[in-house]
Each structure stands twice: as structure tokens, then as C-alpha cells.
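One structure is given below, encoded as C-alpha cells.
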Amino acid sequence: MIDKQVESVAGAVDDVHDGATVLIGGFGAAGSPIELIHALIDLGVKDLTVGSNNTGSGQVGLAALIRNGQVSKMICSFPRTANSTVFPELYRAGRIDLELVPQGTLAERIRAGGAGIPAFYTPSSVGTVLAEGKETRRFDGQDYVMEYGLRADFALVKAKRADRYGNLVYNKTARNFGPIMCTAAETAIVQVEEVVPAGGIDPECVVTPGIFVDRVVVVRQPAQESVLVQEGQVYP
Amino acid sequence: MIDKQVESVAGAVDDVHDGATVLIGGFGAAGSPIELIHALIDLGVKDLTVGSNNTGSGQVGLAALIRNGQVSKMICSFPRTANSTVFPELYRAGRIDLELVPQGTLAERIRAGGAGIPAFYTPSSVGTVLAEGKETRRFDGQDYVMEYGLRADFALVKAKRADRYGNLVYNKTARNFGPIMCTAAETAIVQVEEVVPAGGIDPECVVTPGIFVDRVVVVRQPAQESVLVQEGQVYP
Amino acid sequence: MARRLAVDVPDGSYVNLGIGMPELVAQFLPSDREVLYHTENGLLGMGPPPHPDGVDPELINAGKKPVTAIPGAAYFHHADSFTMIRGGHIDLCVLGAMQVSASGDLANWSTGAEGAIPAVGGAMDLVQGVRTIYVITRHATKRGAPKIVSYCTFPLTGRACVDRIYTDLAVMDVEPEGLVVSELAPGVSFEQVREATDADVIAGEGLADPGTGKGGGA
Amino acid sequence: MARRLAVDVPDGSYVNLGIGMPELVAQFLPSDREVLYHTENGLLGMGPPPHPDGVDPELINAGKKPVTAIPGAAYFHHADSFTMIRGGHIDLCVLGAMQVSASGDLANWSTGAEGAIPAVGGAMDLVQGVRTIYVITRHATKRGAPKIVSYCTFPLTGRACVDRIYTDLAVMDVEPEGLVVSELAPGVSFEQVREATDADVIAGEGLADPGTGKGGGA
């Protein structure tokens, strides 16, 4: 019987290795898989390349992973937010690399990676410093930049509900990068609040079909990054 | 107040013009917007370029539109099916052009057209006659074909339910090309079985956000192409 | 400025409001118009901020602030959200600016200064994909440096992408012939605008005639 | 053939079955295995054909035949469906063939004949995107022409894409050294396979030893 559920967040991430590329869902605090990220901190893997829209905030979740020296490179669109001090400090100190990508290009690169598209053309960033060194090409009189599909070894994603096949639904704007990141990772690891029986998710409303999901772990009452930051929590 | 509903199928298509490019939803008989296509036949516009996975069957719907001499070119992946005689006859007689595209490439071209992506690379058709004359390029040791985004003047799509904003849900495998075709047309025209009040579709379950839809027309009990063909119906 | 701009938001349009001052536009929208707000993190049909008791940390806007969803809203993932943007489906985007040039170049994401943390978000996608770009900004920085300039010195967000500029002094259209001042703020003269702008400005037709309700000088 | 192939479908795999003979594989799947069937028109978790009273013309498979959906199924649009295919998410695809070459080239969509209506469907996407491609076909055409050949003369669906071939005579693996016959149908000799094949064939290791239960000659 197909059953993608695993027992613990520790077990869900235990094969993430030094040097791995990891896509981490979330936009700001919404959809950030805090418990899975903390399991990565517990695991202690190093030299990670992380693709995520932001760089976390406060001293928990992604910001804590970075502060812990486990991330050697960030691929993101907006590496500063309110309460985000960890990344800027390391970046200025030259201790972490940054690949800055426009948000829509980041999304499309991930989507392309998952869809077997090695490269595509986009108008975003044409004529700016972010297009420097990139191939450009003219179609119908307009210039476009060539961008590459982005794939990863792992994706860490937060969803609301799953079934044993790994079908997922999300909560509101916490959906953000989750569905596309699941498609672009060799191993997609998802934390959900509950697992329902097969058929418990309307097949018309499935957002991420289970084929894109490898492991599901239940975190019944996930921490909200925004709340942890307000409370001044620090991990570990 | 935003309200995309129009009164009649005739009114919904009345600005389709000679020479227009029209994407028509459906895979086989599932999701074929029969009533909208018949309205095009009544309208009598000519020289259409039609993008659709198949070429219709029997003497109704898309097959009837083609038989009526209104289509000068088909862009499709599978222009023959059981009960499909209209297209083959015209094609052999040299009276209709065919651009044959692998099904996944057709889908991706439409999706790219709707997403502002002018071109992308795909492995599909590499080394085959369908890649002849197309630009190829090697990424990471594998060959890919460059394909262009596909946009259209109009899309005719069948969905199940809409609200006044044009948010859509579909029925089972009748979803097929509908969501991507709505994104790729200047004017997306959708027939639905019912229009519900705003909020009547769960925002987590919207398949096509209304921003991609221009007109909605109610066809309460749409004809099923497969049933019409079985019955030997002929339109007009 | 936000109040003035809100008058120009077309009824029935799909609108994306940038972070900061642009967000203020929503509260000034004339009550007889219906507009659907898109926020690029994945919501179409964004409503006003929630009552403090009704905050859902997973329902936020692009500025990471809590919002609500109207009946008829839709949630979607990032690739679909930027399909809306890049694919030209959004009618109007209102953005802030660090600099805008006379030819409509926009700089609003980075000073390019040594040690600054570059952060672009969706701005480069918005300026390329959205049909109409309005900029809302003070005419000068707090230190008095002009923000409306001949050429941007800060790194660009996009070239020739801005259609109209709303400042505390004037409304200006980016036209092929240059920056056309179509409207002056109450008590502001064309001469004041000219002096505060580091680019040539042209007096629009309506300016000379206060009777149109669009002009009016000091 | 379909029965024999079904034994090799891995438990827990995602499988796409082509139109025609490949569709038969599902009914022979060993009962202790759970496999999820993908049909490229937009369904994952395809079930068996419906009872005649329960036919929904909008629930069909890629062959346009009525099907059912299992509990835990999901519907999706075509771009998402081919994301599954092109993105390498489907484990196994079973296809029919007009010709297969010794190097794994497949021709299964067109004879290339004058006046023929070319129709490719999703075959070219499947052979490029799916991790493992099994072909199921008779060893020869009805007229006796070999279908397993040195070089395909019909237009290709894809190059070097086939992993294994199941015919009425044998099971053959496409290996770097050539076509390796790993198994013979009951009552069929290696010599018969050699004669019926228009390409060099190599006897696999298991063939000589009927005791393995995998071989067995005339």
C-alpha cells in the first residue's frame, strides 16, 4: 500500500546531506515549514544551497538555519524583511553567497525545473543589473533574458492537509511556493496539520497531486514564524 | 459591479472575426464547448486558425466548424479519432493546413503564451521529423527543441460553474486545456452550467481565477459531443 | 497623492499595489467602483486589513501584512500569480520610486551602495508585465534631492516602463516628447515643478485652463 | 504479453499506459501491488472502466474511453499533466510500437506514407520524459514483417528511449551491447526469436537455465 507518511520530522529529513540544494517554501512568515527547518538545524548538515523567497526573520526557522552557519548560498528574491538581521550580517561579512533573482523569475525557474524545461525566456530584469552576464534575445521586437530551470535535491514545504498518496491542499496565501517546489525536488518533504483517508480530499480541489510528494509528516499545531518572532523565540 | 456574464452564446462570440486565431478546449469529446462552437458556425466567420487537441468527431462541434469551411488551419496533436472523417478528407484535398505539435508541447506553448514566456526549450520531439526546421540546443549534454509561446485572439472553453468575477471550476477530465487556454487568449469566452454568487466557489478550489476570463455564458444542459455523435446528429 | 491617484483607477480593473505608499490607494477608491486587488504572493480579491481579532498569519499581502479575502477571491501558487503579472493580465500597478526618469525608467529597489543588501522581490516582473504602471512618490527626497530625473543613477528596475507619475507637486505623464505635467497640486505652480524636477518638463494642455478642474496654479 | 509485463510493474509506481494493448496491463496487475495510473488528459488515480450505467462522458482516458477515478485521485489541467510527464515524475510508461530498433529507437505514430494523417498525441512527450519505457508489441506485423529492427524506417517517436520490449515471442532488454533476450515465451526457442528479429539479438544469462523459471526453450 502506498503510504507516504513518516513518523517524525527528524526522520523526514534524515537523508539531507552536506552540500545539498534545498528549496524551502514560504513567503515571509506564511507557509514557512518551521518544524522541518528546525529538524535540519538538529541534523546539523552544512554547506546547503537554499532557494527560498526570503531569508527568514528573527532567530527561528530559516534565519536560525542561516545563523547556524549551515547555509553557504541563498537563491532568493528578497533577502531582507522586517526583523531580518541574520542574513544581512553574514552577507556583509562575506560568509554567505547570494543569487538574487526577481520573484517571478524565481517562481518560473522552479516551475520549469519541475516541468522538464531546461531554460526559457522572460522579459523580467531586461536592461537591469540582474540581467548582466545573461543571454538576451529578441522576439517580436522585444528583448528577453534567458533563465534556467531550477531543480533541487530536497524541498521542504508546509501544507494544510494530505492523504496517504501525498495529495495536498494548502491554507490561503501559505500556498505560495509550495506546489511548484514539490515538483522541482528529487525528494519533496511536506509537513501537514493532518492526514485524511484517501478520498478525503476532493479530487477537483487537490492543489498538489501526490506524484510530486515523497514524504508527509504530521505537525498538528505548527508554529507560526510571525508569532515566534514576536515572542522573541530563539532556536535551538 | 464586475459581472462577466453575457446573455447568449451568440452574443458571447459576436466579435470573433474572419482570420482570428481561436483556441478551443476539449480533449476528445470531454470539455468540448459545443454550444459556443455552434454559435461560431451560426456567425459564419471564416479563415480561422484553430488550436485544439483534436479535430472533432462526427458532424457536430469542431468537426462541423471544419466541414463548414470556416477553418483554414488546425494546430493540434491528434487530428484523427474514431468517427473523425471531416478533417482527414479536407486535409487530403489540400483545403486545410495542419501544424502538428506534440500534446505536451501544445499544452506548454499555450501555458507559455499566457504567462508572457515567448519561448522555451523542451526535449519532446528531439530527433524526430516534428523537430525539423526548429532550433535545437544542448543543455547539460541533452538536446532540446526551442518552441514558441502560443497566444490567440479568442478561447472557447467549457467549464462547470462560474461566479460573476469569472472564477471557474471544471468537471473531471473536461478540465484538460480549459485553464491554460483562458490564460492565452485576448478574449476568453466560457460556457458554464451555472453561475453562482460571488463566494459560492471556495477560494481554495478555484481552478481558473476570473482574471483570465472575459465572458461567461450559461448553457444549463450542455450537449455532450460523444452523445451527439452516437445519435448521428448533424449541425447545422 | 494616494487620494488623487485613486480617482484614476478604472472601474472593474485588476490592480496590484506595491508595498508602502501605494497600499494607501485602496482606501481612497471612489465608492462607486469595483476593483479587484492582486497580491503577488497568491491572492486575487484581496480585501482590507482584518479586525485585530481576525488575523490569520497565513493570509498576508506582498508587504507581509495581514489582509482579508473578499467573497469571490481565489488563492493560487507563485507560478500562476506571476502568469497573471508577466502575461499582461493585470491592468494597473502602482509602485513607489527612488528615481523615475523622463523616459519612464524606474529605479525603486536598490541604491547600489556598497554593503547594501539587494532585494528586488516582484518589482522587475511587475514593471515588465503589467499594462499600466503608475508611480507614486514625493517629488524630492527628504534631503531635497530630485527624484524625477533625466537619467536614473540608481540601478534600474525597468526601462521605459512608467506611464504616469503622481507626486506631492504634480501629476506627470511619460510621453514620447517628454514629461508632460497634466495637473498641479493645489497651490503649486508649474514653475515650482520645473525647479523641483531634474529633467525637462512640458506644460500639459489642461494646465492653462483652471476651468477644466484639472489645472489650477498658485 | 500484457500479463507477462504486468508482473514487472513495480509496486507503488506511477504508470502511464498507452492506448490499445498497453491498456490491458492494468487488469493483470498482481493483486498485492498498488499502482497509480496517470492518464495524460488530466487524471492521476485512474480506476477501471465504469459500469455501463455509471458512464460520465467527461471522465475519460487518453484513449477517449470512459474510466473511473479511485478515492485519492486528482484532476489537473494539461500543462500540469505534462509537467508530470516531461519533468520525470512518472516511473513507467507502456507503449505500443510499429517498429523498435536495437538501440531503443521507437516508431509508433506514423507510417510516413503519402496521404496519411499524422497524429502524435502525447507519445513524444512520454518517451522523453518518463523514466522507464516498456514497449508491448507483436514481434511481427500481420503480414509477417519484423517490427524489431536494426533501424526504424518509419518516422521516429524518439531516439534511444525504449528500455525493454515485450512481444509474443520474448522479453528483450535494450542494452549498450544490443538487444538482450532475457526471456522466451513458452514453446519459443531463442533461434525462433533470432529469425523473427531484423536485428542482432543476444541470449541473456538466464536463458540457458530453465531452472530459474525465467527461461525455457522449445
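Order of the sequence lines sets the chain letters (A, B, ...), proteins ahead of strands, with each chain counted from 1.
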Report the relative orientation of the aromatic rings in B/Phe27 and D/His78; use parallel for angles under 30°, tilted for 30 to 60°, perpendicular for over 60°.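 Tilted, since the angle between the ring planes falls between 30° and 60°.
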Please report the closest heavy-atom contact between [X] and [Y], naming both atoms and the distance.
{"X": "B/Tyr91", "Y": "D/Ala116", "result": "CE2-O, 4.2 Å"}
{"X": "B/Arg175", "Y": "D/Tyr75", "result": "NH1-O, 3.3 Å"}
{"X": "B/Thr173", "Y": "D/Ile60", "result": "OG1-N, 3.1 Å"}
{"X": "B/Pro79", "Y": "D/Ile117", "result": "CG-CG2, 3.8 Å"}
{"X": "D/Trp109", "Y": "B/Leu100", "result": "CZ3-CD2, 3.5 Å"}

Counting only heavy atoms not in [X] (residues, nucleotides, ligands), do more than 12 fall under 6.0 Å from its [atom1]?
{"X": "B/Arg80", "atom1": "CZ", "value": "yes"}
{"X": "D/Asp200", "atom1": "CG", "value": "no"}
{"X": "B/Arg95", "atom1": "CZ", "value": "no"}
{"X": "D/Glu177", "atom1": "CD", "value": "yes"}

Decide, yes or no, whether a salt bridge links D/Lys64 with B/Glu225 under the criterion of side-chain N to carboxylate O below 4.0 Å.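 Salt bridge flag = no for B/Glu225 with D/Lys64.
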Separation of [Y] [atom2] from [X] [atom1] (nearest 0.5 Å):
{"X": "D/His77", "Y": "B/Arg111", "atom1": "NE2", "atom2": "CZ", "result": "8.0 Å"}
{"X": "B/Asn171", "Y": "D/Asp56", "atom1": "CG", "atom2": "CG", "result": "5.0 Å"}
{"X": "B/Glu108", "Y": "D/Phe82", "atom1": "CD", "atom2": "CZ", "result": "10.5 Å"}
{"X": "B/Lys172", "Y": "D/Thr68", "atom1": "NZ", "atom2": "OG1", "result": "11.0 Å"}

Could you look at D/Ala123 and say if it's the side chain, the backbone, both or neither that has a heavy atom under 4.5 Å from chain B?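 Neither part.
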Is chain B contacted by the side chain of D/Ser81, its backbone, both, or neither, given a heavy-atom distance below 4.5 Å?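 Contact with chain B is absent: no heavy atom of D/Ser81 under 4.5 Å.
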Pairs of heavy atoms under 4.5 Å with chain D: top-ranked of [options]:
{"options": "B/Gly28, B/Gly178, B/Ala30, B/Ser32", "value": "B/Ala30"}
{"options": "B/Asn53, B/Asn54, B/Val207", "value": "B/Asn54"}
{"options": "B/Ala29, B/Pro88, B/Gly104", "value": "B/Gly104"}
{"options": "B/Pro179, B/Cys76, B/Gly26", "value": "B/Pro179"}

Contact class of [X] relative to chain D, heavy atoms under 4.5 angstrom:
{"X": "B/Tyr170", "answer": "neither"}
{"X": "B/Lys158", "answer": "side chain"}
{"X": "B/Leu98", "answer": "side chain"}

Applying side-chain contact (heavy atoms from CB on, under 4.5 Å), name anything that partners [X], two or more places apart in sequence or on another chain.
{"X": "B/Arg220", "answer": "B/Glu194, B/Val218"}
{"X": "D/Pro57", "answer": "B/Gln224, B/Ser226"}
{"X": "D/Glu23", "answer": "D/Ile19, D/Asn61, D/Lys65"}

Among the options D/Met124, D/Gln128, D/Glu58, D/Glu114, pick out the one with the most heavy-atom pairs lying under 4.5 Å from chain B. D/Glu58
I need the residue from D/Gly42, D/Ala79, D/Gly122, D/Pro118 with the largest number of non-hydrogen atom pairs under 4.5 Å to chain B.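 Greatest number of close heavy-atom pairs with chain B: D/Pro118.
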Verdict with reasoning, D/Arg86 to B/Thr105, per side-chain contact (heavy atoms from CB on, under 4.5 Å): CA-CA 10 Å; D/Arg86 202 188 311 98; B/Thr105 298; 5.7 Å; no
Is there any residue in residues 112-140 of chain B with a non-hydrogen atom under 4.5 Å from a non-hydrogen atom of chain D, and which ones are they? B/Thr122, B/Pro123, B/Ser124, B/Ser125, B/Val126, B/Gly127, B/Thr128, B/Val129, B/Leu130
